[in-house]
Participant: 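Can you keep this structure in mind? I'll have questions shortly.
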Amino acid sequence: MKVEIPRKAWQLTLALVAIVGLNCMPYVRKPRKDNLVRVALVCGVDRVDVSGIRNDRYRDDYRITLKENFPQHFGPRDGVVVVNGRKYRGGLEIRRIDNNLWVINVVDLEEYLKGVVPCEIGMVSEKQIEAAKAQAVAARTYALAHLGQYSQLGFDLYATVQDQVYRGVSAEKRLTNEAVESTSGEVLFYKNQPIEAKYHSTCGGRTADFNDAWSGNPPPYLRSVRCRYCEKSPYYEWNKVMTKKEFFTHLKNRLRRIKVNIGKDELIRSFKLKRNRRSKRVREIVVVTNKSEYKIPTYRIRTLLGRPGDPSGLLKSNYFDIKTRKDKVIIEGRGFGHGVGMCQYGAIEMANRRKSYRQILSHYYRNTRLKRIR
Ligand SMILES: [Zn+2]
């Protein structure tokens, strides 16, 4: 396939287009009195191995299949329950949903956070504990803001990147436990509601506006801010080099995947990147063929340009430019993740430079208030 790409098209930067959609925060709830969260550990399987106390009897390595009656409840033995060999604090509820088993960990919010913070911020040293404290507050706030979001399925949060990565007791570390305990009950608020405390690995020098990643009404505290702290991240700058042929073949395949069907006889002539001027992120890609134009919205861009082998098949971020050199296409990018809210590599470097967790949080979440809820 021979494709001519006008040079100007690569460099075209247009003003951002306001995207108006649904409100972005449908899940905000008041904290529950019992301070428990319900976390889906295992989703949609036909068997699961658990151990713990059930009906006052200890069950060791008990394999549950769909033949049994549901829901089933397991309490902790020696403080923990075990699911497929991994230990968790709190109890278990096993439900049948659409003829599959789902395992839900019913756990105190603070204990849940001990299994989240080390998975989300990674290893921290004594010197970096303020970053872990900032992560603990962000994760606690996120959990509270999302209570009840999957109430029709009987839980609040997935234990994966879909919400927050949670690996129970097995993931806990002394320093991150200290970070959770020393900020116990502290939550970020905006106008008396827990905020949408989004966070990501590396912003690449400037965080994203909310609408660079999602549609909906942008919360005022999720605005792009300068970040001078994440240069040491391995994802601060990156690039991808492909031949033009590889690039356009891939583009056509990915367009099909996101349900943009380009006719067999259509040739991609060029495309335009529409950028948010403040954050520099790509907000829209317009693919121009010899017959038509296709607009790819912001939330599809990382899927469109991601390749097999990329994390979750997504391009690392939408903070990039595309250049051509002879027969090559080069995507030059910055950062890793959606870019909204707290930059985790930035938080770690701020801690290295003796900033407190309060300073870290107020840098990335502007005009919010930190309050202790219990
Ligand atoms: Zn950053």
Side-chain angles (χ1 to χ4, degrees), residues 16 116-125 127-139 141-142 161 164-165 176 179 188 195-214 218-240 275-283 298-299 301-302 305-306 310-312 314-321 331-368 370:
L16 65 93
V116 170
V117 175
C119 302
E120 290 290 355
I121 197 78
M123 286 287 286
V124 288
S125 65
K127 198 174 147 190
Q128 296 163 339
I129 193 163
E130 294 299 307
K133 285 156 78 174
Q135 179 67 72
V137 173
T141 306
Y142 180 96
V161 288
Q164 308 189 105
V165 178
T176 46
L188 283 171
I195 71 163
E196 273 287 317
K198 302 283 189 192
Y199 52 87
H200 60 278
S201 163
T202 306
C203 73
R206 180 154 200 115
T207 67
D209 280 329
F210 179 87
N211 286 141
D212 293 336
W214 302 284
Y221 49 82
L222 293 180
R223 270 172 68 96
S224 173
V225 297
R226 185 92 176 86
C227 170
R228 299 173 192 278
Y229 303 102
C230 56
E231 286 96 336
K232 290 180 189 163
S233 164
Y235 313 111
Y236 184 71
E237 287 179 322
W238 46 266
N239 65 59
K240 278 180 169 293
R275 217 176 272 285
N276 176 347
R277 282 187 180 153
R278 179 168 49 206
S279 70
K280 313 282 191 289
R281 309 227 164 206
V282 179
R283 275 278 178 94
T298 187
Y299 64 92
I301 289 171
R302 292 176 63 203
L305 296 177
D310 287 334
S312 309
L314 301 175
L315 190 70
K316 285 198 180 67
S317 81
N318 63 353
Y319 191 173
F320 64 87
D321 203 357
I331 305 180
E332 291 181 346
R334 285 173 166 229
F336 182 22
H338 51 61
V340 179
M342 185 174 74
C343 165
Q344 291 166 311
Y345 269 91
I348 288 172
E349 182 57 21
M350 286 182 83
N352 284 337
R353 298 187 199 177
R354 298 177 183 275
K355 304 282 188 198
S356 71
Y357 74 102
R358 286 170 177 270
Q359 288 173 308
I360 295 169
L361 292 167
S362 64
H363 179 70
Y364 293 108
Y365 305 110
R366 298 287 166 99
N367 303 315
T368 56
L370 190 64

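Order of appearance sets the numbers: ligands from 1, and atoms from 1 within every ligand.
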Participant: Taking only residues two or more places apart in sequence or in another chain, which ones pass ring-ring contact (aromatic ring centres under 6.0 Å, His included) with Phe336?
Facilitator: Tyr235

Participant: Just jot down the side-chain contact (heavy atoms from CB on, under 4.5 Å) partners of Glu231, sequence neighbours excluded, or say none.
Facilitator: Tyr236

Participant: I'd like to verify the contacts: list protein N, O or S atoms under a distance of 2.8 Å from the Zn ion (ligand 1).
Facilitator: Cys203 SG, Cys227 SG, Cys230 SG, Cys343 SG

Participant: According to side chain to side chain donor-acceptor pair (under 3.5 Å), who are the partners of Thr202, at least two apart in sequence or on a separate chain?
Facilitator: Ser233

Participant: Is there side-chain contact between Tyr345 and Lys232, with heavy atoms separated by less than 4.5 Å?
Facilitator: no

Participant: Per the side-chain contact (heavy atoms from CB on, under 4.5 Å) rule, which among Glu332, Lys280, Glu237 passes with Tyr319?
Facilitator: Lys280

Participant: For Arg226, is the CZ atom crowded, meaning more than 12 foreign heavy atoms sit under 6.0 Å from it?
Facilitator: yes

